[in-house]
Amino acid sequence: MNRQYHVIGACSCWGAQVRACERGPEDLVEGQVFERLQRQGVSIREVEMLFPDKLARNEEVPLAQSLPLIRDFNLRLMKTVRKAVQNGSFPVVLGGDHSIAVGTWNAFDVPFGLLWIDAHLDSHTEKTTPSGAYHGMPAAALLGHGIPEMAHLVKKHPVLKPQNLAFIGARSFEKGETELLSKLNVKVYFMDEVHERGLKEIIPEAIAHVMRGVSHYGVSLDLDVFNVEEAPGVGSPEEGGIRKGELLPLLSQLSKDPRLLAFELLEFNPERDIDHKTRELVFEILQKVMK
Ligand SMILES: [Mn+2]
């Protein structure tokens, strides 16, 4: 398969309390990640950086005031992803905090499934969130729950049906999230099950699960799903994650899958990175997915 890639650096971290992840995409440029992929024969048509109206750069702004910025950014991201698809390119979106998933996945009008690979469930609503941070809400929003600015960015109906979403690697979450997801009957492969059964068995099963009744799917990969030693540069590190040696080989199949709509990689925080370990992990992930 000869995909042409449109890489979109989503340089917004207004959804998180610590806002350094807005520098993530620029750090990848500094590390010549995209040049290196091109040198290996990856056909990247364009690398486009999207910035929010206002850069945070660790500015103290109450979370409530960042909601209009998140909405505006998601609308522009949605249009950018749409434009890439219309031009025949495959969109690869690099965050930025996870609230940008609302923009990425609103871009598609066909019904699709979504794999959410993440240490967290990101399924809070404004009623259940302990922190108020919007990056804890995008999965609920795509299911049509929570703050209208996120749950109904442009569409009246939810972007995803509960049967078309599956979480992999969850190990840090709150009761409000598991209550919503079990009420909706959304599939969650918690970290215990990943350790027990292994991703080699779980990933194909999860893809089959989210593809029930649809012909396409997407992948939203939060870097915090990995082991902290291997991915220290993330917004919200959690102990006990997935080893890259287990996940990376399985990502190769995404490069060959014509059913895949887009790939999204989130929460890279270069300020927390150690010896560019996380930057190089991003490079390795993109090498697998963008072959
Ligand atoms: Mn996340």
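If you read the sequence from its start, that first residue is 1, and numbering goes on from there. One-based numbering, in listed order, for ligands and for the atoms of each.
The Mn ion (ligand 1) sits nearest to atom ND1 when only the N, O or S atoms of His98 are considered. Checked against the Mn ion (ligand 1), the N, O or S atom of Asp122 at the shortest distance is OD2. Asp118 has its closest N, O or S atom to the Mn ion (ligand 1) at the position named OD2.
Among the backbone and side-chain atoms of Asp222, an N, O or S atom lies under 2.8 Å from the Mn ion (ligand 1).
In the model, Lys291 has a side-chain atom that pairs as donor or acceptor with a side-chain atom of Ser252 under 3.5 Å. Defined by atom type and a distance below 3.5 Å, a donor-acceptor pair is missing between the side-chain atoms of His135 and Asp122. Side chains of His209 and Gln163: no donor on one and acceptor on the other come within 3.5 Å.
Between Val7 and Glu48 there is no side-chain heavy-atom pair separated by less than 4.5 Å.
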